[in-house]
*Asks:* 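Have a look at this one.
Being a predicted model, the structure only gives us computed values, none of them experimental.
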Amino acid sequence: MEVYFGVDIGTSSLRCGAFDQAGRRLWMSQQELNLFTDSQGAAQQDTEEVWQAFCMALNQCAAKGKPRGVGLSVYMHSLLAVDGDWNPLTPVFTWADSRAAGEGRMLGNLPQTPSLYKKTGCRFSHPMSPAAKMLWLKNNRPQVWEKAAHLVTLKEFLVHRLWGENVVDLSDASSMGLLHMGRGEWEEEMLALVGAGKDRLGALRPCTSALPPLPAMMAEKLGIPADTPFVLGSTDGVLANVGAGVFSQERMTTNIGTSGALRTMLPVPYEDEGLSLWCYAFRPEMWAVGGSINNGGLVLKWLRDRFLLPLGGDRAGAYALFDRWAEKLPVGCEGLVMSPALTGERSPDWNSAVTGGIHGLRPFHGIEHMARAAMEGVLFRLYSIYRLLGERGFVPGELVAGGGYARSEVWLQMQADLFDCPIQVPRETESTLLGAAYLAMENRGKVQFGQRLRGMEPVRRYEPRKENRGVWQEAYGRYQELYRRLEQGKGE
């Protein structure tokens, strides 16, 4: 049996999955990753921890069968500085790092911001953006800035360690806010604004680019043959669409992992007049368009770690317990409303300073209400993006679910009811992993791009229950009121 690996490097874990040519997952290795945060807004990863997790995950998967090809995926908006020998000068600044909020405001207030947004397709005025992070590094760590020979994404760092090449895929580059969408080149005006020349950035490569054979030492470290073909790959969001079989505007992915997003695919770049949505490159005939939230499964993990576990709860069964609690409570959570903005927010209003909040607390409310309110709050955030996408003309016939939440029947039914849209769950819910492996299969000529595999076929479907529509809209209105109160005086 021919086996293909997909590697997905996320914020909270790193996974390697083995797939057959039909897109059926055979086995998977997952390594937990730490996210180091502080009260100043830092949200960082340790490069050596990520590297060791990468090696461990590949080794564990390869021990069960050698791959015929490997595709790579990493989360968007990462940044770290390295010296001339590629030694890290900083940790990895993740998308959740909010320290560059001031620099983002400065970029957002420039008169040329609207035109630059249309050129880059990226909301570079938000602290998630590597463009804003570069300015923060320049302003707050001047000695590091001067020593930094290269300003790179996490994938670039790993690729250089493995192959010694300084290359960046177009999806990662476009998520930096520094790429001109139309030309597929670094945008000179943006580079001038952040003070970073092309010499500090990687060479741009298509997402389908094949990497050289692995050096013998690295092949031994990963436990795979040196001639195993690797594909540079794309970002997690784009590959989530590929792995879900969403190749056109007819369908849309809905994903909740650590964060969350709604995405569709277009044949040409999209310029949003309201500067609310984003557009990221994938391949010349395909662009990912959508919106994303900071706080998805992160909120339930916070509830588990800060409330459930201290009360003696079980870590392994926490999410199933949250489902049981949520299923027993009515829509609107008996008056309890949560705005889950633990780490600020992104789409559609891009307010990095807004905080989370709970309203309507009464003596009869317990932790089970908190769980339901958290799940509703995450969906309300996604729904605000869904409504905006609808206003822009993106109305899908159905949503395709992926990410960890796709295992929760309760959460999916809640979403179908709120969105008033059918939701299907494919056979493989680790869609980013499958998307990365799919590119490896395409590289070996085993699939033609756009071909849907068996792993992408639907196995479950959730139809909206019309009788709940009015109640959901009332609950969403209460959430919107809470969110507006929380964001007053906390603009970007």
Side-chain angles (χ1 to χ4, degrees), residues 1-34 45 49-75 154-155 158 221-225 228-231 233-245 253 255-259 296-297 301 315-320 400-408 425-444 446-447 453-457 459-460:
M1 181 187 297
E2 290 192 359
V3 177
Y4 294 86
F5 286 2
V7 181
D8 179 27
I9 304 169
T11 315
S12 56
S13 70
L14 186 152
R15 296 163 299 162
C16 179
F19 296 86
D20 65 14
Q21 286 182 233
R24 294 173 295 199
R25 178 156 43 100
L26 305 172
W27 59 83
M28 183 177 79
S29 172
Q30 179 167 330
Q31 305 295 316
E32 295 297 319
L33 295 174
N34 288 303
Q45 289 177 322
E49 182 188 8
V50 175
W51 167 247
Q52 294 302 327
F54 181 87
C55 296
M56 180 67 73
L58 266 292
N59 261 287
Q60 289 180 350
C61 272
K64 297 182 178 181
K66 304 304 180 186
R68 298 295 299 272
V70 182
L72 302 178
S73 170
V74 182
Y75 62 84
L154 178 55
K155 186 195 284 184
L158 294 173
K221 192 169 185 66
L222 298 181
I224 61 176
T228 302
F230 274 73
V231 178
S234 183
T235 56
D236 58 348
V238 174
L239 290 179
N241 274 30
V242 175
T253 56
N255 185 282
I256 301 177
T258 302
S259 56
K301 184 177 184 295
R315 179 184 297 271
Y319 299 119
V400 183
Y405 97 119
R407 294 188 290 270
S408 171
V425 180
R427 186 179 305 275
E428 178 52 67
T429 58
E430 296 288 355
S431 50
T432 298
L433 274 181
L434 177 53
Y438 189 92
L439 292 189
M441 296 179 203
E442 183 189 13
N443 178 57
R444 296 299 302 271
K446 301 300 180 179
V447 298
L453 305 180
R454 186 175 179 186
M456 302 169 183
E457 295 174 352
V459 292
R460 284 182 284 142

*Asks:* Among residues at least two apart in sequence or on other chains, which ones pass side-chain hydrogen bond (donor to acceptor under 3.5 Å, both in side chains) with T253?
*Replies:* N241
*Asks:* Taking all non-hydrogen atoms of both residues into account, name the closest pair between V3 and A18 and its distance.
*Replies:* CG1-CB, 3.6 Å
*Asks:* Tell me every residue that passes side chain to side chain contact (heavy atoms under 4.5 Å, CB included) with A401, counting only those two or more places apart in sequence or in another chain.
*Replies:* T254, Y405, A406, L412, I423, V425
*Asks:* Provide the closest heavy-atom pair for D8 versus D236 in the form atom of the first, atom of the second, distance.
*Replies:* OD1-CB, 3.9 Å
*Asks:* I want to check something: taking the side chain as every heavy atom from C-beta on, are Y75 and L154 in contact at a cut-off of under 4.5 Å?
*Replies:* yes
*Asks:* Measure across L434 and M456 and return the closest heavy-atom pair with its distance rounded to 0.1 Å.
*Replies:* CD2-CG, 4.0 Å
*Asks:* Not counting sequence neighbours, which residues clear salt bridge (Lys or Arg N to Asp or Glu O under 4.0 Å) with E2? List them please.
*Replies:* R68, K446
*Asks:* Among all residues two or more places apart in sequence or in another chain, which pass the side chain to side chain contact (heavy atoms under 4.5 Å, CB included) test with P67?
*Replies:* F5, V70, I224, T228
*Asks:* Does E49 have any salt bridge (Lys or Arg N to Asp or Glu O under 4.0 Å) partners at least two apart in sequence or in another chain, and if so, which?
*Replies:* none
*Asks:* Under the side-chain hydrogen bond (donor to acceptor under 3.5 Å, both in side chains) rule, collect the residues that match up with T258, sequence neighbours excluded.
*Replies:* S12
*Asks:* Applying side chain to side chain contact (heavy atoms under 4.5 Å, CB included), name anything that partners N443, two or more places apart in sequence or on another chain.
*Replies:* A210, P229, V231
*Asks:* Please name all residues satisfying side-chain hydrogen bond (donor to acceptor under 3.5 Å, both in side chains) with R454, sequence neighbours left out, ordered by chain then number.
*Replies:* none
*Asks:* Can you sort out the partners of S234 under side-chain hydrogen bond (donor to acceptor under 3.5 Å, both in side chains), two or more places apart, ordered by chain and number?
*Replies:* S171
*Asks:* Any idea which heavy atoms bring V242 and G435 closest together, and the distance?
*Replies:* CG1-CA, 4.1 Å
*Asks:* Please find the pair of heavy atoms, one from A440 and one from G71, that lie closest to each other, and give the distance.
*Replies:* CB-N, 3.8 Å
*Asks:* Which residues satisfy the side chain to side chain contact (heavy atoms under 4.5 Å, CB included) test with S431, sequence neighbours excluded?
*Replies:* A240, A244, N255
*Asks:* Side chain to side chain contact (heavy atoms under 4.5 Å, CB included) between L239 and Y438: does it pass, once the steps are laid out?
*Replies:* CA-CA 9 Å; L239 290 179; Y438 189 92; over 6 Å; no
*Asks:* Are any of the side-chain heavy atoms of I9 and K155 separated by less than 4.5 Å?
*Replies:* no
*Asks:* Identify all side-chain donor-acceptor contacts of residues 50-65 below 3.5 Å with residues at least two apart in sequence or on another chain.
*Replies:*
from, atom 1, to, atom 2, distance (Å)
N59, ND2, C55, O, 3.1
N59, ND2, K221, O, 2.4
Q60, OE1, S29, OG, 2.5
Q60, OE1, Q31, NE2, 3.1

*Asks:* Which atom names give the shortest non-hydrogen contact between Q45 and T11, and what distance separates them?
*Replies:* NE2-O, 3.0 Å
*Asks:* Working to the nearest 0.5 Å, report the span between CZ of F19 and CE of M1.
*Replies:* 13.5 Å
*Asks:* Name all pairs fulfilling the salt bridge (Lys or Arg N to Asp or Glu O under 4.0 Å) condition that reach into residues 18-30, sequence neighbours left out, sorted by first residue then second.
*Replies:* D20-R24, R25-E428
